[in-house]
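Below is one structure; the comments refer to it alone.
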Amino acid sequence: MPVAIAVLLGLMVVAPFVAYPIFVMKLLCFALFASAFNMLLGYTGLLSFGHATFFGGAAYATAHAAKVWGLEPLTAILFGTICAAAMGAAMGIVAIRRQGIYFAMTTLALSQMAYFLFLRAPFTHAEDGIQNVPRGRLLGMIDLGETMAMYGLVCAVFLVGMAVIWRIVHSPFGQVLKAIRENEARAISLGYRVDRYKLGAFVMSAALTGLAGSTKALVFQIATLNDVAWHMSGEVILMTLLGGVGTVLGPIVGAGVIVAIQNMFATTGFPVSVIMGAIFVICVMLFRKGIVGTLGQYLRQTRRDPGAKE
């Protein structure tokens, strides 16, 4: 893991000099989004189809706070994150009482309700969205209009978000979440208030998703209905499954693959959804544990049986 972290940090330092910085910032935002979703699916076993609500809702909140209220960038991001956590609490209280497919369908239904609320709300400007969002000056000193300054903020937000996720997953709270994922009935028999733990995980995942959405709104200086649409929830599920559910680096790799494909075919006119669908089929058939999960399994097997490589 220390080697992987060192490699990741090295790539973040080099990336803006070898790739378009806006592309790298988008990748980091979606990597944090997928990692926050993975905390719920991979470590708690809850499949949510409503995470776009928190991603797009936080983007709207941050964009409105920065453009209309004139809040400082960090304050606007914090405001969006808090709004996402509040929406997560409201949705979680309703959905967490359901299990399995019923939980997934409840989150999808609530997400669609939220979509139409954002469509009709006056401050979202319907299909036009909130455009020309000012990036402002970080702490009143650093002009985020400078691309590299904005990139530094995105990197800092990404690292803080990943550190929080890692800490949650490896805390006693995270161990209880894993126990609930493996055998919820046994966790209940041991005296754990399972619903409270699942609600806590749901709200934390929503807040971290909101952190990603808030940052993205400042990077692209816009918040639109695409951010809260159901297909955004589908994309983050694909990113997580492709990279590897229940792994720390898996969602980052999955997000990198999907964002790179979208960027590569954006100007070709070729339907990107066809490519992503084909990749998903290949992943299900050949890499059932995702790219990182399958690679990790292979490395563990070769350590136990060095002769397996021959």
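- Here the straight-line distance linking atom OH of Tyr60 with atom CZ of Phe123 works out to 8.0 Å at 0.5 Å rounding.
- Of all the heavy atoms in Asn226 and Met232, the pair that sits closest is O-CE, 3.6 Å.
- Between Ala66 and Val133 the shortest heavy-atom distance is CB-CG1, 4.0 Å.
- Across all their heavy atoms, Ala187 and Ile180 have their closest contact at CB-CG1, 4.1 Å.
- Following chains of ILVMFWY side-chain contacts shorter than 4.5 Å, one cannot reach Val68 starting from Leu218, and the two form parts of different hydrophobic clusters.
- The heavy-atom pair separating Tyr43 from Gly246 by the smallest distance is OH-O, 3.2 Å.
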Would you please test Leu78 and Leu71 for side-chain contact (heavy atoms from CB on, under 4.5 Å) and show each step?
CA-CA 10 Å; Leu78 179 61; Leu71 294 187; over 6 Å; no
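- How far NZ of Lys216 is from CG of Leu28: 14.0 Å, rounded to the nearest 0.5 Å.
- Remark: of the listed residues Ser233, Ser48, Ser111, Ser111 is the sole one forming a side-chain hydrogen bond (donor to acceptor under 3.5 Å, both in side chains) with Thr53.
- Under the 30°/60° scheme for interplanar angles, the aromatic rings of His51 and Phe202 are found to stand perpendicular.
- Side chain of Gln221 to backbone of Asn132: no donor-acceptor contact under 3.5 angstrom is found.
- Residues Leu47 and Met239 fall within the same hydrophobic cluster, defined by Ile, Leu, Val, Met, Phe, Trp and Tyr side chains chained together at heavy-atom separations under 4.5 Å.
- Annotation: the span from Ile168 atom CD1 to Ser205 atom OG amounts to 9.0 Å, rounded to 0.5 Å.
- The aromatic rings of Phe30 and Phe55 lie tilted to each other, with the angle between the two planes from 30° to 60°.
- Under a 3.5 Å cut-off, the side chain of Thr62 and the backbone N or O of Ala76 do form a donor-acceptor pair.
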Go through it in stages, so that I can follow the logic: the residues are Phe158 and Met12, the test is side-chain contact (heavy atoms from CB on, under 4.5 Å), and I'd like the CA-CA distance, side-chain angles, deciding distance and then a yes or no.
CA-CA 10 Å; Phe158 172 77; Met12 289 173 64; 3.9 Å; yes
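- Annotation for Glu146: atom CD does not count as buried by contact number, only 12 or fewer foreign heavy atoms lying within 6.0 Å.
- For the ring-ring contact (aromatic ring centres under 6.0 Å, His included) test, residues two or more places apart in sequence or in another chain that qualify with Tyr192 are Tyr197.
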Ile22 vs Lys26, side-chain contact (heavy atoms from CB on, under 4.5 Å): CA-CA, chis, key distance, verdict:
CA-CA 6 Å; Ile22 297 295; Lys26 179 182 179 180; 5.6 Å; no
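- A distance-only check finds no donor-acceptor pair linking the side chain of Thr215 to the backbone of Cys29 [under 3.5 Å].
- The nearest pair of heavy atoms linking Ile252 to Ser35 is CG1-OG, 3.9 Å.
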Is there a side-chain contact (heavy atoms from CB on, under 4.5 Å) between Leu119 and Glu127? Walk through the geometry before answering.
CA-CA 7 Å; Leu119 176 63; Glu127 287 86 356; 3.9 Å; yes
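- Under the side chain to side chain contact (heavy atoms under 4.5 Å, CB included) rule, Val228 has a single partner from Phe54, Tyr115, Phe116, which is Tyr115.
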Quiz: residues 90-107 side-chain donor-acceptor pairs under 3.5 angstrom, not counting sequence neighbours:
unit_1, atom_1, unit_2, atom_2, d
Gln99, NE2, Glu184, OE2, 3.0
Thr106, OG1, Tyr102, O, 2.7
Thr107, OG1, Phe49, N, 2.9
Thr107, OG1, Phe103, O, 3.4
Thr107, OG1, Ala104, O, 2.6

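- Taking the side chain as every heavy atom from C-beta outward, Ile261 and Val257 approach each other to under 4.5 Å.
- Using a 4.5 Å heavy-atom cutoff, the side chains of Lys289 and Thr247 are not in contact.
- No path of Ile, Leu, Val, Met, Phe, Trp and Tyr side chains, each step under 4.5 Å between heavy atoms, connects Phe79 with Ile130, placing them in separate hydrophobic clusters.
- Taking 4.5 Å as the limit, some side-chain heavy atom of Ile77 sits within range of a side-chain heavy atom of Leu153.
- Met204 CE to Thr44 OG1: the interatomic distance, rounded to the nearest 0.5 Å, is 10.0 Å.
- Judged by distance alone, with hydrogens and angles left aside, the side-chain atoms of Arg181 form a donor-acceptor pair with the main-chain N or O of Gly42 at under 3.5 Å.
- What you find for Gln131 and Ile222 is that their closest heavy atoms are CG-CD1, 3.9 Å.
- In this structure, Leu32 and Val157 have side chains that are in contact, with non-hydrogen atoms separated by less than 4.5 Å.
- Atoms NE2 and CG, on His125 and Leu225 in that order, are 12.0 Å from each other to the nearest 0.5 Å.
- Put simply, Val13 and Leu9 are part of two different groups of oily side chains (I, L, V, M, F, W, Y) that touch within less than 4.5 Å, one to the next.
- In this structure, the separation between CG on Asn38 and CG on Leu208 is 12.0 Å, given to the nearest 0.5 Å.
- Counted within 6.0 Å of NZ on Lys178, heavy atoms from surrounding residues, nucleotides or ligands total more than 12; the atom is thus considered enclosed.
- The neighbour count for Arg137 CZ, taken as heavy atoms of other residues, nucleotides or ligands under 6.0 Å away, is above 12.
- With hydrophobic clusters built from ILVMFWY side chains whose heavy atoms lie under 4.5 angstrom apart, Met150 does not share a cluster with Val14.
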